[in-house]
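Data first, discussion second: the structure below is written as structure tokens.
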Amino acid sequence: PSTIFTYGILMNCCCRTRRPELGLAFFGRVLRMGLRTNVVVATTVLQCLCGAKRTDEAVDILLHRMSELGCVPDDFSYNIVLKSLCDDSRSQRALDLLRMWENERGVCSPNVYTYNTVIHGFFKEGEVSKACNLFHEMAQKGVPPNVVTYSLTIDALCKARAMDKAQLFLRQMIHKGVRPNNVTYNVMIHGYCTLGQWKEAGKMFREMTRQGLIPDIVTWTSFMASLCKHGRTKEAAEFFDSMTAKGHKPDLVMYHVLLHGYATEGCFADMINLFNSMATKGTRSVSRCMDLFNSNICTLQNG
DNA sequence: CTGACCCGAC
């Protein structure tokens, strides 16, 4: 009953559970069985290669081998490989590939995911002007920046301690009708907290809730991290306690932040207590991954 | 069956 679709699902699963080589092994079976590959499965192969840190092979397949397999790369194919190049700190190479894609004039062209990926890559590498050029270019080419584009730009400005410019961008996006989301406000709040500008952070927090947005675990964690960095771990701990008392489940990052705070201030007894409560409460991220894997295995067997 | 952004870390 195995069709190319079931292999696609299985390979995707291997990728998500961090077993890209296994996914590639399944693709080997697809080839041996003589099943006809479609563009989604070919793109999943790219994803597996990228996950296995074999980006150059992914580029080669994207540019040369996909047509041999009888399919045309689509926007997903390009975006996945571009992301991998950017993750490897080769954003300029990603931009070159983006240019090649534009010149192909095929069925699809770079979209908002594409630009966001490469802009983010440039910001991460400190290539601010290249990132800004792309920001302007996308709008000119009829791809308006969305909430992600603005959020990652605002994040870069905040990390460069340019809070005034970040604030300007926030106003600009609202003016252009792009609604800020939790991420947008989280990076602003984190920016102000990092600089110890608690008052401004509070303003952002109130603006966020006024917009009907609900602060999430990232909001709280970054707030706690800033408290710890300013030698106020005790307040961070009180915050943590009130959160858990309200039934909010801390995640691994939140524990790490508080543990690191305790460690910095030499509160070793508190560290041990927290460590023990961490072990009993546990985190479910790993088991969730396994659930995903199992349900997809079932799909395969039923197919 | 597929893609982009925020919190830690040494």
Side-chain angles (χ1 to χ4, degrees), chain A residues 3-16 23 26-27 30 37-48 50-51 71 73-84 86-87 94 108 110-121 123-124 131 134 138 143 145-159 166 169 173 178 180-191 193-194 204 208 213 215-229 236 240 250-261 263-264 292 295-296 299-300 303:
Chain A
T3 66
I4 191 67
F5 295 99
T6 50
Y7 274 101
I9 294 167
L10 186 55
M11 287 163 61
N12 178 254
C13 244
C14 294
C15 228
R16 298 176 95 99
F26 277 117
F27 184 64
V30 167
T37 305
N38 64 26
V39 63
V40 177
V41 170
T43 300
T44 309
V45 172
L46 298 178
Q47 220 164 4
C48 287
C50 292
C71 41
D74 63 7
D75 44 348
F76 283 87
S77 322
Y78 274 101
N79 288 343
I80 283 162
V81 175
L82 289 172
K83 169 94 164 68
S84 190
C86 291
D87 286 345
C108 59
N111 57 22
V112 68
Y113 288 89
T114 315
Y115 287 105
N116 289 348
T117 299
V118 183
I119 288 172
H120 185 230
F123 273 131
K124 263 196 319 195
L134 269 184
M138 66 189 286
V143 184
N146 67 5
V147 60
V148 175
T149 326
Y150 275 104
S151 297
L152 62 89
T153 304
I154 290 172
D155 184 41
L157 290 167
C158 290
K159 294 207 162 107
F169 261 81
M173 73 183 283
V178 181
N181 62 14
N182 273 31
V183 177
T184 323
Y185 282 108
N186 284 348
V187 300
M188 287 295 298
I189 292 170
H190 185 244
C193 286
T194 302
M204 283 291 102
M208 176 182 189
L213 296 170
D216 54 30
I217 194 148
V218 178
T219 323
W220 305 129
T221 306
S222 76
F223 178 57
M224 281 175 48
S226 299
L227 284 174
C228 291
K229 273 189 185 140
F240 180 91
D251 67 357
L252 204 57
V253 179
M254 201 172 236
Y255 278 111
H256 279 189
V257 166
L258 198 49
L259 282 173
H260 191 252
T264 310
L292 180 73
S295 70
N296 279 303
T299 312
L300 182 75

- Just by modelled atom types, is the Gly8(A) backbone N or O under 3.5 Å from a matching donor or acceptor in the Asn12(A) side chain? no
- Identify which nucleotide among dA4(B), dC10(B), dC1(B) has an atom closest to any side-chain atom of Val40(A), counting heavy atoms from C-beta outward. dC1(B)
- Item | Closest to side chain of Asp155(A), choosing from dC1(B), dC6(B), dC5(B) | dC6(B)
- Ignoring hydrogens and angles, are the base of dC1(B) and the side chain of Asn12(A) linked by a donor-acceptor pair under 3.5 Å? no
- Round to the nearest Å and state the distance from Met254(A) atom CE to dG8(B) atom P. 12 Å
- The single option from Thr117(A), Asn111(A), Thr43(A) that satisfies side-chain hydrogen bond (donor to acceptor under 3.5 Å, both in side chains) with Asn79(A) is Asn111(A)
- Distance col, row Lys83(A):NZ vs Leu46(A):CG, nearest 0.5 angstrom, shows 15.0 Å
- Task: Please check the phosphate of dG8(B) (OP1 and OP2 only) for any side-chain N or O of Lys229(A) closer than 4.0 Å.
- Result: yes
- Note on the structure: Among the nucleotides dC6(B), dC1(B), dG3(B), whichever has the atom closest to the side chain of Asn38(A) is dC1(B)
- Message: If you only use heavy atoms from C-beta on, which nucleotide in dC1(B), dT2(B), dC6(B) is closest to the side chain of Gln47(A)?
- Response: dT2(B)
- Counting just side-chain N and O atoms, does His256(A) come under 4.0 Å of either OP1 or OP2 of dC7(B)? no
- Task: Consider the side chain of Lys83(A), meaning its heavy atoms from C-beta on, and name the nucleotide among dA4(B), dC6(B), dG3(B) that approaches it most closely.
- Result: dA4(B)
- Item | Residue pair Asn186(A) / Asn181(A), side-chain donor-acceptor N/O under 3.5 Å | no
- Selection from dT2(B), dC1(B), dC5(B) that lies nearest to any side-chain heavy atom of Val183(A): dC5(B)
- Side chain of Phe5(A) only, please: which of dC7(B), dC1(B), dG3(B) is the nearest? dC1(B)
- Please tell me which of the listed nucleotides, dA9(B), dA4(B), dC7(B), lies nearest to the side chain of Val148(A)? dA4(B)
- Message: Going by centres under 5.5 angstrom and planes under 30 degrees, do the aromatic ring of Tyr113(A) and the base ring of dA4(B) stack?
- Response: no
